[in-house]
Amino acid sequence: MDKLTQFLERERSEVIHLSKQIFNHPELGLQEQFASSIMCEYLQSRGFTVTKGVGGLPTSYIASFEEGEGGYHIAFCAEYDALPEIGHACGHHLIGMASVAAGVMLAERLKEEGIPFRVSVIGTPDEEGTGGKIDLIHEGVFNDVDLAMMFHPGFSTEIHVQSLAFHSFEFIFHGQTAHAASEPWEGRNALDGVIQTFNAINALRQHVKPDVRIHGIIKEGGLATNIIPERAIAEFCVRSQDNVYLEKLVEKIKNCAKGAALSTGTELEIKKIGHSYEAMKSNRVLGDVFQESLDELHFIDPSQYEEGMGSIDMGNVSNVVPAIHPVLSLTDQFVPGHTVEFAEMCNTDQAYETMLLAANAMALTGLKVMKNMGLQNKIRSEFLGNIK
């Protein structure tokens, strides 16, 4: 632990500098050319072999340091996309550089152990959009990874993070135009189909589990009040903490739209939007090691509030390899993410110190796992039980 801390002290100014640069150059998902480039340059300068554009994503990368053959493979997931208009209001500049620093620290320390190993930093773009990690999973990037880690800043601290699985859909209703005053009976109102869908889903809310979230908007609803709308579109996002229950719920939501189409004489088209996010299966054995590492580094938790659950593409990763996604608080105030206030907080001295602490804790966690085959087996055993 002392050697890891000493190495981090040597690197701290450079790591903070790079994180601030990313903060000051916010880029939307799949456009993160600047952030991806400076991360890759830093990793290459520290001896990592870098491959850019993995999984067919222009701003993704995998940077690996390997010694020997057949060694245990630990990956740190780096995020670096920003939000429209408000920039890094989710702290991805902290997430990305924490993972980069953890990877470099762990590789430097393991070179002294004389054991085969592989440490990777996987650049995962567009977390706020379609979920870049899911594309990388589909392309096999995580196939030979033994475990994956990352951290997230917040206004509360939670080690064993849970998340909501979700699906998004467009319900497109096709009707028939008519003059709304002189011959309305000749029309079939597509907007009525959308409205009846909302009504049916609102009636369904009483009969779903407490963790379920259903939220929707009307994207199109007609062109003029004196024309019966021939086209209307509603978009819905459906979330649940249970992957299996969510699939059943999605069918009920679709049936609400189908019933609305039948009752209004319209035709329904259903389009899936983006990837489906799976609920996070945080590996408790690995999370407990991370908590132990935090304690050894004398982390003082400032948080006074609890955060609710959102959806993260790390949930999909946790369903293919053992993974953790701990949240560390930056504050004792209630400052929700995806706000201007949270972005400002993520650019404070406290935020960068928490980033370095998270990097140190992840590297120390990786070192403990790498040197303990019994711990590796426990992590794997829990993972297999979770996904069964």
Side-chain angles (χ1 to χ4, degrees), residues 1-23 32 34-52 54 59-68 71-80 91-125 141 145-153 289-290 293-294 296-297 323-324 326 328 351-371:
M1 184 178 71
D2 290 340
K3 290 184 178 180
L4 286 172
T5 302
Q6 291 168 9
F7 178 79
L8 182 60
E9 285 303 309
R10 294 198 302 270
E11 298 289 309
R12 69 175 2 261
S13 61
E14 180 68 9
V15 171
I16 292 174
H17 172 68
L18 293 174
S19 183
K20 287 183 176 180
Q21 281 193 299
I22 296 170
F23 179 86
E32 317 98 318
F34 176 81
S36 176
S37 176
I38 65 172
M39 285 179 168
C40 289
E41 288 174 6
Y42 176 76
L43 288 161
Q44 284 178 317
S45 72
R46 282 6 182 223
F48 279 66
T49 300
V50 176
T51 302
K52 299 180 180 181
V54 293
T59 54
S60 66
Y61 66 85
I62 180 166
S64 296
F65 196 109
E66 184 173 13
E67 287 200 353
Y72 197 77
H73 186 187
I74 293 178
F76 300 96
C77 293
E79 298 173 0
Y80 34 89
H92 288 193
H93 64 300
L94 303 174
I95 295 171
M97 286 310 300
S99 288
V100 167
V104 172
M105 291 167 63
L106 181 58
E108 286 290 328
R109 180 64 183 82
L110 286 172
K111 287 192 292 186
E112 302 177 4
E113 293 295 322
I115 59 175
F117 70 88
R118 184 179 178 188
V119 174
S120 294
V121 180
I122 302 177
T124 62
V141 172
V145 172
D146 290 301
L147 67 84
M149 284 185 275
M150 62 173 285
F151 110 100
H152 201 291
V289 179
F290 180 83
S293 299
L294 276 181
E296 292 173 7
L297 293 167
I324 57 172
L328 300 185
Y352 293 113
E353 290 301 321
T354 303
M355 173 189 72
L356 295 174
L357 178 72
N360 205 347
M362 288 193 292
L364 182 55
T365 299
L367 180 63
K368 291 176 179 179
V369 174
M370 194 72 78
K371 295 175 65 177

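Note: hydrogens, waters and symmetry copies are ignored here, and every other heavy atom, side chains too, is used.
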Glu296 with Lys368: basic N within carboxylate O range, under 4.0 Å
yes
Do the side chains of Glu113 and Arg109 get close enough for a salt bridge, i.e. N-O under 4.0 angstrom?
yes
Pairwise distance [atom1]([X]) to [atom2]([Y]) - rounded to 0.5 angstrom:
X: Gln6; Y: Lys3; atom1: CD; atom2: NZ; answer: 8.5 Å
X: Ile324; Y: Met150; atom1: CD1; atom2: CE; answer: 10.5 Å
X: Leu364; Y: Leu357; atom1: CG; atom2: CG; answer: 10.5 Å
X: Ile22; Y: Leu94; atom1: CD1; atom2: CG; answer: 9.5 Å
X: Ser293; Y: Met362; atom1: OG; atom2: CE; answer: 11.0 Å
X: Ile95; Y: His152; atom1: CD1; atom2: NE2; answer: 3.5 Å

Looking at every non-hydrogen atom in both residues, tell me the closest pair between [X] and [Y] and how far apart they are.
X: Tyr61; Y: Ser36; result: CD2-OG, 3.7 Å
X: Ala358; Y: Phe290; result: O-CE1, 4.3 Å
X: Val119; Y: Gly103; result: CG1-O, 3.6 Å
X: Ala148; Y: Val145; result: N-CG1, 4.4 Å

Is there a side-chain contact between [X] and [Y] (heavy atoms, below 4.5 Å)?
X: Leu297; Y: Thr5; result: yes
X: His92; Y: Glu32; result: no
X: Met105; Y: Asn360; result: yes
X: Leu106; Y: Phe117; result: no

Between the side chain of [X] and the main-chain N/O of [Y], is any donor-acceptor distance below 3.5 Å?
X: Thr365; Y: Ala361; result: yes
X: Ser120; Y: Ala75; result: no
X: Ser60; Y: Val54; result: yes
X: Tyr80; Y: Thr59; result: yes
X: Thr124; Y: Ala78; result: yes
X: Ser19; Y: His93; result: yes
X: Asp146; Y: Ile74; result: no
X: Ser99; Y: Gly96; result: no

For the pair Val15 and Met355, evaluate side chain to side chain contact (heavy atoms under 4.5 Å, CB included) and give the outcome as yes or no after the intermediate values.
CA-CA 9 Å; Val15 171; Met355 173 189 72; 3.8 Å; yes
What about the rings of Phe65 and Phe48, do their centers lie closer together than 6.0 Å?
yes
Go through it in stages, so that I can follow the logic: the residues are Leu328 and Leu294, the test is side chain to side chain contact (heavy atoms under 4.5 Å, CB included), and I'd like the CA-CA distance, side-chain angles, deciding distance and then a yes or no.
CA-CA 10 Å; Leu328 300 185; Leu294 276 181; 3.7 Å; yes
Please determine which of Glu11, Glu108, Glu14 meets the salt bridge (Lys or Arg N to Asp or Glu O under 4.0 Å) test together with Arg46.
Glu11
For Arg118 and Ser64, what are the C-alpha separation, side-chain angles and deciding distance, and is it a side chain to side chain contact (heavy atoms under 4.5 Å, CB included)?
CA-CA 7 Å; Arg118 184 179 178 188; Ser64 296; 3.3 Å; yes
Under the criterion side chain to side chain contact (heavy atoms under 4.5 Å, CB included), which of Lys20, Met97, Arg12, His17 is the partner of Tyr352?
Lys20
Before giving the answer on side chain to side chain contact (heavy atoms under 4.5 Å, CB included), spell out for Leu356 and Ile16 the whole-Å C-alpha distance, their side-chain angles and the decisive distance to 0.1 Å.
CA-CA 8 Å; Leu356 295 174; Ile16 292 174; 3.8 Å; yes
